[in-house]
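Written out below as structure tokens is the structure these notes cover.
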2 protein chains.
Amino acid sequence: MMPKPSAANQNPSVPKSDVVYRILKRAILDQAFAAGTKLPEDSIGERLGVSRTIVRQALARLNGEGLVELRPNRGACVSHPSVEDGHDIFVVRRALETLVVDSLIGRLTPPKIEALEAHLDAEDKARVGDPSTSIHLAGEFHVLLARLTENAILSRYVTELVSRSSMILSLYGRPHSSDCAVSEHRTLIAALARNDREKARELMGHHIEAITVRALLKSKGEDDLAHLLAAYAREEGL
Amino acid sequence: MMPKPSAANQNPSVPKSDVVYRILKRAILDQAFAAGTKLPEDSIGERLGVSRTIVRQALARLNGEGLVELRPNRGACVSHPSVEDGHDIFVVRRALETLVVDSLIGRLTPPKIEALEAHLDAEDKARVGDPSTSIHLAGEFHVLLARLTENAILSRYVTELVSRSSMILSLYGRPHSSDCAVSEHRTLIAALARNDREKARELMGHHIEAITVRALLKSKGEDDLAHLLAAYAREEGL
DNA sequence: CTCCCGTTTAACGTATACATATTGTCTTTG
DNA sequence: CAAAGACAATATGTATACGTTAAACGGGAG
């Protein structure tokens with residue numbers, strides 16, 4: 001049996017903890033680990049050929065981003081956000097992505113617009129291919145948009161929210177909803193390109209709302225076992 | 001010399017790394033450490049009576065919140081945000097705090113309003129006392145407001161932004177600017193209490209803008225030595 | 001006197017070892 | 001038979017040790 005999954009020793013100039021962080025993050029977002037899955041430091045470290053120290057750091061970081069829950073003395077597990085968490089996330093996301101649009105108006109240089117359109121093309125191409133890639137690109141679109149504002153904090157927050165949105169979508173969304181319609185992205189970019197602030201804001205608002213509906217649609221009182229039980233327990237006075 | 005600063009061993013049910021995290025965070029926000037101060041794991045651990053492991057975790061967490069800069073293989077130091085960072089922070093803060101107001105309208109129960117007014121009274125009392133306490137309370141007001149939305153993500157972001165704002169203020173603000181005028185907080189709460197959404201939004205917007213001006217006022221081309229040097233260097237083609 | 005390069009030193013990155021807390025199970029007892 | 005307590009297994013919390021990197025220093029050549 002091979003001691004490591006693949007890839008020989010990487011350049012040590014990139015800390016291992018970063019590598020493990022990315023691996024775990026990707027695994028979680030790709031739903032390789034279902035929500036609630038326990039993430040023991042030992043097994044992960046052994047599987048990845050690193051010590052617990054590294055895994056621990058990665059888990060702490062993921063916890064900071066809301067992807068991993070860290071229960072003291074009880075181990076880490078993949079986050080299982082509630083429907084309420086979902087609402088909270090999308091409410092904040094709408095505010096911040098509207099700010100993204102605002103920040104971008106009047107500051108989108110031609111090369112930036114090109115980058116965006118290149119991304120749209122990629123999204124289109126992926127639409128007929130791997131659905132996993134398609135979903136990933138749809139999220140990346142929003143991340144790219146945020147990054148173009150050159151506002152580091154805004155970019156970081158949007159990135160985090162997009163990640164968590166994708167968790168919400170996988171938990172409560174339609175089985176194979178295509179996340180974001182590419183056409184909505186296109187019309188938004190068009191409005192941005194002609195510096196139509198009001199239209200762009202409106203489009204982004206509607207777009208996020210559409211995503212919200214898709215992500216939380218299935219949630220009309222099903223599937224969120226923990227949440228339902230909590231409701232019943234409350235009725236019983238527990 | 002005493003091996004530990006004070007306080008006997010605490011309950012081990014609260015992880016030491018949390019304690020160290022809070023100590024360092026407070027120290028940074030109280031400006032006990034100036035911006036740019038190096039934070040070597042060894043010395044801090046020795047001083048606090050914990051191992052490097054603990055300090056390391058705390059530093060990583062602070063880095064995640066933007067209070068500490070973590071240069072690979074070169075150690076950690078207190079963040080030294082630029083004026084541009086300051087602008088970025090306040091832009092996002094305005095968007096999110098406006099969202100806070102929006103979320104609160106129509107949902108402020110009497111006990112919540114009482115809590116807010118109690119805080120305002122505390123702010124008033126502190127105004128004549130310790131200026132450090134006063135500044136701290138002014139920030140806490142915004143944190144409290146955000147927490148009352150019961151939106152965990154929103155609350156976390158606002159808390160983080162308030163922390164970073166205080167760093168900006170200490171770096172670029174007027175020497176003894178009183179951060180937030182308590183009166184601005186009072187009028188805002190009044191508007192919230194009578195569910196006047198438009199007025200409350202407007203007041204919050206103006207308030208954040210006022211804070212922004214106070215925090216970045218001194219920055220008209222002075223004090224930010226590194227930034228200025230960088231500008232000159234750029235002119236000289238360096 | 002200045003610049004370059006090998007040496008030194010301090011600090012980080014990582015692994016490992018020990019201590020401790022929690023969970024599930026088994027036994028015992030009413 | 002059910003419930004309470006003890007024990008073992010598992011996994012985390014923390015400390016320490018080792019290897020390596022990068023900044024600091026000092027000597028020699030130009």
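Throughout, protein chains are lettered first and strands after them, A, B, ... in sequence-line order, and every chain is numbered starting at 1.
- Salt bridge status for A:R164 with A:E65: absent, with no side-chain N to carboxylate O gap under 4.0 Å.
- The phosphate of D:dA15 has OP1 or OP2 within less than 4.0 Å of a side-chain N or O from B:K16.
- Taking the charged nitrogens against the carboxylate oxygens, B:D18 and B:R61 do have a contact shorter than 4.0 Å, which makes a salt bridge.
- Taking only distance into account, the side chain of B:T53 meets the base of D:dT16 through a donor-acceptor pair shorter than 3.5 Å.
- Salt bridge annotation for B:R93-B:E160: absent, with no cationic side-chain nitrogen under 4.0 angstrom from a carboxylate oxygen.
- A sub-4.0 Å separation between OP1 or OP2 of C:dG13 and a side-chain N or O of B:R56 is present.
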Got a list of protein N/O to nucleotides 5-8 of chain D N/O distances below 3.5 Å?
none

Can B:S165 and B:L169 be said to form a side-chain contact (heavy atoms from CB on, under 4.5 Å), step by step? CA-CA 6 Å; B:S165 294; B:L169 181 71; over 6 Å; no
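- Under 4.0 angstrom from either OP1 or OP2 of C:dC12 there lies no side-chain N or O belonging to B:R74.
- Comparing C:dA15, D:dA23, D:dA15 against the side chain of A:I54 picks out C:dA15 as the nearest.
- There is no side-chain donor-acceptor pair under 3.5 Å between A:E97 and A:Y157.
- Classification of the A:F141-A:H119 ring pair by plane angle, with boundaries at 30° and 60°, yields tilted.
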